[in-house]
Amino acid sequence: MSFEDIWNNLDVGLMGVFEARKGPWIFALDAVYFRLKDEETNSWTGPLGKVTVDGAVEATLIQQLYQGSVGYRVIDSKTKLDFTGGLRYTIVDNDFDLTLSTSNETFPGGQSSLSISKSWTDPVFGVRFLGPFSKKWSFFGYGDIGGFSVGSAITYQAIAGLRWQFSKVVSAKLAYRYLYQDFEDDDFVWDMVYQGPLIGFGFTF
């Protein structure tokens, strides 16, 4: 799913990261929530133009990602390098609503709905890098891989971007995020890629 697809159908989107550190140890929680909605309509006229059927399908997709991680800083100088491990919990809710209306009372219309919900947990292992190239600017990158058929068959993500530390406590980030998930359970198949730019602010306490 490209950034353009997400943006065109985005109804609600929230993302946040909380991080606490004690010595070389790092504890982090990453949360993502978004809701996509799309609607398609079509019309069909029967033989001799006696009956016209109008149909509308509304699809709503809600996905939630929650990842708790523990990391250890192995390089702590101007350049910083962390190894991390954690669990990524995914919740997917799909709702489809079909509405039919006709021009002839002999063929009544109607409405039907279908809902599909799934959730799973993936162990993930990653590495994080932060490298300054000026007093206020630095490059950061993060990548992880997981699943291993515990939840997903495979899942991985990569984030790379720039951080601008414009005060002691506030920073701004511009990055690109790529996330892939391959999960299958009975008749439910979730083989998805999410990718696109992100802009955020960080606060240090």
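Side-chain atoms are counted along with the backbone in the values below, which use heavy atoms only and exclude waters and symmetry mates.
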(message) I'd like to know if the side chain of D122 and the backbone of S152 have a donor-acceptor N/O pair within less than 3.5 Å.
(response) yes
(message) If you define the side chain from C-beta out and look only at heavy atoms, does anything of F27 sit under 4.5 Å from F18?
(response) no
(request) Please list, chain by chain and in numerical order, all residues satisfying side-chain contact (heavy atoms from CB on, under 4.5 Å) with S117, sequence neighbours excluded. (result) D93
(request) With sequence neighbours excluded, tell me which residues meet ring pair (Phe, Tyr, Trp, His ring centres under 6.0 Å) with Y72. (result) W25
(message) Suppose the criterion is salt bridge (Lys or Arg N to Asp or Glu O under 4.0 Å): which pairs have a residue in residues 138-151, not counting sequence neighbours?
(response) R88-D144
(request) Flag yes if L65 and F188 sit in one hydrophobic cluster, no otherwise; membership is Ile, Leu, Val, Met, Phe, Trp, Tyr, and two members link when side-chain heavy atoms are under 4.5 Å apart. (result) yes
(message) Looking at F133, I want to see if its CZ is surrounded by more than 12 non-hydrogen atoms of other residues, nucleotides or ligands under 6.0 Å.
(response) yes
(request) Can you tell me which residue pairs pass the salt bridge (Lys or Arg N to Asp or Glu O under 4.0 Å) test with a partner in residues 179-204, sequence neighbours excluded? (result) K118-D185
(message) Holding to salt bridge (charged side-chain N to carboxylate O under 4.0 Å, His left out), I want the full list of residues that pass it with K136, two or more places apart in sequence or in another chain.
(response) none
(message) Can you confirm whether I199 is buried at CD1, in the sense that more than 12 heavy atoms of other residues, nucleotides or ligands lie under 6.0 Å from that atom?
(response) no
Atom pairs and distances, side-chain donor-acceptor, residues 159-167, under 3.5 Å, sequence neighbours left out:
from: Q165; atom 1: NE2; to: S167; atom 2: O; distance (Å): 2.8
from: Q165; atom 1: NE2; to: V170; atom 2: O; distance (Å): 3.4
from: S167; atom 1: OG; to: V169; atom 2: N; distance (Å): 3.4
from: S167; atom 1: OG; to: V170; atom 2: N; distance (Å): 3.0

(message) When you compare the side chain of R128 with that of I26, does any pair of heavy atoms fall below 4.5 Å?
(response) yes
(message) Angle between ring planes, Y194 versus W190, binned at 30° and 60°: parallel, tilted or perpendicular?
(response) tilted
